[in-house]
2 protein chains.
Amino acid sequence: MAGTRWLDEREMAAWHGFLEATSRVSRHLEQQLKEDAGLSHAQYEILVRLADAPDGEVRMTDLAHGLFTSKSGLTYQVGQLEKRGLVERRSCPTDVRGVLAVLTTEGRDTLRAAAPGHVAAVRAALIDVLEQDELDVVARALGRVGARLRPPGQGIGNSDSGGISTSSS
Amino acid sequence: MAGTRWLDEREMAAWHGFLEATSRVSRHLEQQLKEDAGLSHAQYEILVRLADAPDGEVRMTDLAHGLFTSKSGLTYQVGQLEKRGLVERRSCPTDVRGVLAVLTTEGRDTLRAAAPGHVAAVRAALIDVLEQDELDVVARALGRVGARLRPPGQGIGNSDSGGISTSSS
DNA sequence: AACAAGAGGTTCGAATTTGAACAACCAGGT
DNA sequence: ACCTGGTTGTTCAAATTCGAACCTCTTGTT
């Protein structure tokens, strides 16, 4: 396999830009959120999903699907949120194994208090830095990138058959 | 402060796309690299910087600047690389406090072996998923995003005075 | 009804990350 | 020569992450 297609300058710029933006934005938001609201980004995302759901309750598994952590990671974070009284665990009525994460009143208040600052930070770090057309390109292009790496067989169709494989052409 | 500018649908799509792409790509490459070469992404990046430098040696501090980990994180990772014999520590001639990380022959070989697979994975996950124009937009836009969050006073000028601040209003 | 296959969550240990504290050292002015 | 302030790299404890092992329970099949 002599022929590796290395990255040319433009490709390298895109890759490096992606990497740097990724880690800087992530770190920045993590800090902002922890300082202003005492939440990790993961915890904030959990609260958002719960707040968006009817009755503020979501099954653990469903929570894990939209989320970017492993099963055990979710267990841990929900545990932390439970300690602080922002979330309660309740057993699922339709499946004895199931566990529902339920948003408490205090959890909802905490989220309400944290949201404005977080949105402002997201704007300042990413959204408001992009031009209108860049915004759309980023949404479309990165959306495609994320979707292609989505694990198969969950949610609404991947729609893209061209999977990613480690076959060396 | 009643007026929070929430994210509209397009902005939300961009933000979510960015988040998902970020975490999926990161996780995917991490696994690919660990499976194929037994390296973490952080370790791979360290080897790359060393290989690019004259004599394959870089000062710890300089290494940390281009890199996306904390000082202590770097100490740890270089320690791991040293254990495997891919890197050596040498004291800096011009500054007694300083430590040089030096690429060993074995380290260079390991990198050479790992690079093609990694580049292929980067292509498959990101680069080849983007159209030409998308590639350029991503490079320019995300480059700007990353640069704005770059800590001040290192490297070649940020050129952008409009810093990011947590001032309300 | 009994069974195999698998889903749902938690628990465990190992690896990694982070910021703060630390010790040693350079640089500039006095 | 002597402080003062800032740098350099490491060490430390605490928090977090991951995958694998593990039980309990559901589901589809026979």
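A note on names: the letters A, B, ... follow the listed sequences, proteins ahead of strands, and every chain is numbered from 1. This structure is a prediction, so every number in the text was calculated from the model and none was measured.
- A side-chain donor-acceptor contact under 3.5 Å links B/Glu30 to the backbone of B/His41.
- Under 4.0 Å is where a charged nitrogen must lie from a carboxylate oxygen, and between B/Arg49 and B/Asp52 no such pair does.
- The separation between A/Glu82 atom CD and C/dG9 atom C1' is 13 Å, rounded to whole Å.
- Taking Ile, Leu, Val, Met, Phe, Trp and Tyr as hydrophobic and joining them when side-chain heavy atoms fall under 4.5 Å apart, one finds B/Val48 in a cluster with B/Leu33, B/Leu39, B/Tyr44, B/Ile46, B/Leu47, B/Leu50, B/Val58, B/Met60, B/Leu63, B/Leu67, B/Leu74, B/Val78, B/Leu81, B/Leu86, B/Val87, B/Val99, B/Leu103, B/Leu111.
- The pair A/Asp128-B/Arg5 meets the salt-bridge criterion, since a charged nitrogen lies less than 4.0 angstrom from a carboxylate oxygen.
- Atoms CG (B/Leu67) and C1' (D/dT8) sit 17 Å apart, rounded to a whole Å.
- Across the protein-nucleic acid pair, A/Arg27 atom CZ and D/dT16 atom P stand 15 Å apart, rounded to whole Å.
- Between B/Ser70 and A/Met60, the residue anchored nearer the 5' end of DNA chain C, judged by the nucleotide with its closest heavy atom, is A/Met60.
- Separating the CD atom of B/Glu30 from the C1' atom of D/dT17 is a distance of 11 Å, rounded to the nearest angstrom.
- Between B/Gln77 and C/dT17, a side-chain N or O to OP1/OP2 separation shorter than 4.0 Å is present.
- Contacts between residues 84-103 of chain B and DNA chain D, counted as heavy-atom distances below 4.0 Å, involve B/Arg89, B/Arg97, B/Gly98, B/Val99.
- When each of A/Gln43 and B/Asp62 is assigned the nucleotide of DNA chain D bearing its nearest heavy atom, the one mapping closer to the 5' terminus is B/Asp62.
- A straight line from CG of A/Leu81 to P of D/dA15 spans 15 Å, rounded to a whole angstrom.
- One finds a side-chain N or O of B/Gln31 lying less than 4.0 angstrom from the OP1 or OP2 phosphate oxygen of D/dG19.
- In the hydrophobic clustering, B/Val137 connects to A/Val137, either directly or through intervening members, whenever side-chain heavy atoms lie under 4.5 Å apart.
- Under 4.0 angstrom from either OP1 or OP2 of D/dT10 there lies at least one side-chain N or O belonging to B/Thr75.
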Between the protein and nucleotides 12-15 of chain C, list every N/O to N/O distance that falls short of 3.5 Å.
none

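- A/Arg24 places no side-chain N or O within 3.5 Å of a backbone atom of B/Phe68 that could act as its donor or acceptor partner.
- A salt bridge is absent between B/Glu106 and B/Arg84; no separation between the charged side-chain nitrogens and carboxylate oxygens falls under 4.0 Å.
- Every residue was checked against the side-chain contact (heavy atoms from CB on, under 4.5 Å) condition with B/Ser26, not counting sequence neighbours, and none meets it.
- Separating the NE2 atom of B/His41 from the C1' atom of D/dC18 is a distance of 18 Å, rounded to the nearest angstrom.
- Here the C1' atom of nucleotide D/dA15 and the CG atom of A/Leu39 are 15 Å apart, to the nearest Å.
- Residues passing the side-chain hydrogen bond (donor to acceptor under 3.5 Å, both in side chains) test with B/Glu82, sequence neighbours excluded: B/Arg89.
- Atom CZ of B/Arg59 is separated from atom P of C/dC26 by 10 Å (rounded to the nearest Å).
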